[in-house]
Protein chains: 2
Amino acid sequence: MNELSILERRFPGRRAGLKREILEQALACFNETGIEATTIDSIRARCEASVGAIYHHFGNKEGILGALFFTVLDDQHEFFEHYLDKARSLEAFVSALVISYVDWVVQNPEWARFQFQARASVAKGPHRHALAERNARQLKGLKEKLGAVDTSGVKISAPFELLPSLIIGASENYCRAWLSGRVQTSPSDFREQLAAAAWRSLQG
Amino acid sequence: MNELSILERRFPGRRAGLKREILEQALACFNETGIEATTIDSIRARCEASVGAIYHHFGNKEGILGALFFTVLDDQHEFFEHYLDKARSLEAFVSALVISYVDWVVQNPEWARFQFQARASVAKGPHRHALAERNARQLKGLKEKLGAVDTSGVKISAPFELLPSLIIGASENYCRAWLSGRVQTSPSDFREQLAAAAWRSLQG
DNA sequence: TCTCTAACAGAATAATACTCTGTTTAGTGT
DNA sequence: ACACTAAACAGAGTATTATTCTGTTAGAGA
């Protein structure tokens, strides 16, 4: 990881400067007042752009949402890879999933907050197919990585469909609670406990 | 549980007929096209009401959302009580939490779908304080019930803040996946497995 | 029957999303 | 350096949607 922000990595170049600025301010608006309540004009005002510029780059409000959401997915995916590629055993693999997720959320709280908010909208909106395809691809990628891992000596009785939920369900839930302020302690403080709990939950 | 629908129980009486109808059609609209994309007029058209009636009962779109959301919370709470009051041991208590949650979702998929969608909006919108207060009250209620349970002979090492996530995180995640169509198998089929997994995840 | 309040209707208005036409600006080739 | 082109940008104008406002109707109680 270098020092560039997520946006600078995904939308590089000098000409995309305003585009990045729009996305950044849109993200802030969405997180501060909610997706439905933020108006195009409130975004426009914050980045001192024109509506023309916004619609030129993103087409409509859904377009802004989609650009932000898929930026999140891209960055998460890249981040997770680093952790997963080091895992040799099944337990290490599960642990890497949990810990990489927690680390990403703690390092990018604003983006994570947005992701939780926007998921439902994107899952309905015009990008739903793109999202479904991405999810499928990501699951397939996980399966492949899992195939390259040493699974001798361990027995998982839970059906495959249930595995993702058992592995990241608790962590996701806690991260959401933390981002919304319902709990105070950083998920980082519970990284290992969450990973261990996920592993125990798999033992049938 | 009787045969009355959730709405008939929460908004009883003949005079509230249109009010119930508005809520029912609003729920359908929100689930079919998403909260942001459903217009007041699309709701109005489906229940053959007037905008006047809608605004008389709910004030604004947030009002409809809030009425539906707190109806969900009320119904869930009542439903959970029945399960929890029977639990005598800690393990039974954890199991009751998981199983009551799964059962409720499977019995009320449309309401559950809505709850997932609306949570973020309500958590920002004008009812956020009412929601926060409710969450706090519910947590307090859980603690009290927990106090009445036999905890001798079991050792939970996880910090209290983490418990809710460890207990229902996986189930919630799987239910969400099921409601969105990402997985096919009904959560009901995994009730016991989810409860057992939650219990194992607590053992430190 | 009368009264009073909540329920309801729908035209009018306000707020917001989006379009369209033109202007500027950054690359690109000569 | 200069012209050319496509993308970036501006903002007035239009369309859509949320909300208000002024009434009318219907039902419960005196």
Side-chain angles (χ1 to χ4, degrees), chain A residues 7-8 10-30 32-69 71 117-118 121-122 124-127, chain B residues 7-8 10-30 32-69 71 117-118 121-122 124-127:
Chain A
L7 284 172
E8 277 162 347
R10 303 292 160 192
F11 303 93
R14 192 161 57 92
R15 285 200 91 175
L18 182 55
K19 188 171 186 176
R20 286 196 299 270
E21 182 68 10
I22 293 168
L23 287 174
E24 187 170 335
Q25 299 307 325
L27 178 69
C29 286
F30 290 146
E32 284 169 20
T33 58
I35 291 171
E36 180 139 34
T38 71
T39 68
I40 297 291
D41 197 63
S42 69
I43 297 172
R44 187 204 56 71
R46 275 179 81 129
C47 50
E48 290 174 340
S50 62
V51 288
I54 294 177
Y55 281 90
H56 167 71
H57 285 296
F58 304 107
N60 53 29
K61 202 173 165 182
E62 282 288 340
I64 306 176
L65 221 61
L68 284 172
F69 195 81
T71 296
Q117 263 196 95
S121 289
V122 177
K124 297 278 155 110
H127 301 101
Chain B
L7 284 172
E8 277 162 349
R10 302 293 160 193
F11 303 95
R14 191 162 57 91
R15 285 199 90 176
L18 182 56
K19 188 170 185 176
R20 286 195 300 271
E21 180 68 11
I22 293 168
L23 287 174
E24 187 171 335
Q25 299 307 325
L27 178 69
C29 285
F30 289 147
E32 284 169 19
T33 58
I35 290 171
E36 180 139 33
T38 72
T39 68
I40 296 290
D41 196 63
S42 69
I43 297 172
R44 187 204 56 71
R46 274 179 80 128
C47 50
E48 290 174 341
S50 63
V51 288
I54 295 177
Y55 279 89
H56 167 71
H57 285 296
F58 305 106
N60 54 30
K61 201 173 166 183
E62 281 288 334
I64 306 176
L65 220 62
L68 285 171
F69 195 80
T71 296
Q117 260 196 97
S121 289
V122 178
K124 296 279 156 104
H127 301 102

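Residue numbers start from 1 in every chain, and the chains themselves are labelled A, B, ... in the order their sequence lines are given, proteins ahead of strands. Since we're looking at a predicted model, the values are computed, not measured.
Distance CZ (Phe58(A)) to P (dT19(C)): 15 Å, rounded to an integer number of Å. One can place CD1 of Ile54(A) at 18 Å from P of dC20(C), the figure rounded to the nearest angstrom.
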**OP:** For nucleotides 6-25 of chain D, just jot down a letter per nucleotide in 5' to 3' order: B, S or -, based on protein non-hydrogen atoms under 4.0 Å.
**Re:** -BBSBBB----SSBB-----
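Contacts of Arg46(B) classified as side chain to side chain contact (heavy atoms under 4.5 Å, CB included), with partners at least two apart in sequence or in another chain: Gln25(B), Ala28(B), Cys29(B), Glu32(B). When the side chain to side chain contact (heavy atoms under 4.5 Å, CB included) test is applied to Arg20(B), the partners found at least two apart in sequence or on another chain are Leu7(B), Glu8(B), Phe11(B), Ala16(B). Residues satisfying the side-chain hydrogen bond (donor to acceptor under 3.5 Å, both in side chains) criterion with Glu24(B), sequence neighbours excluded, are absent altogether. Listed by chain and residue number, nothing satisfies the side-chain hydrogen bond (donor to acceptor under 3.5 Å, both in side chains) test with Lys19(A) (two or more places apart in sequence, or in another chain).
Residue contacts shown for Arg44(A) are absent, as no nucleic acid heavy atom lies under 4.0 Å away.
Sorted by first and then second residue, the side-chain hydrogen bond (donor to acceptor under 3.5 Å, both in side chains) pairs involving residues 54-69 of chain A (not counting sequence neighbours) are Lys61(A)-Glu36(B).
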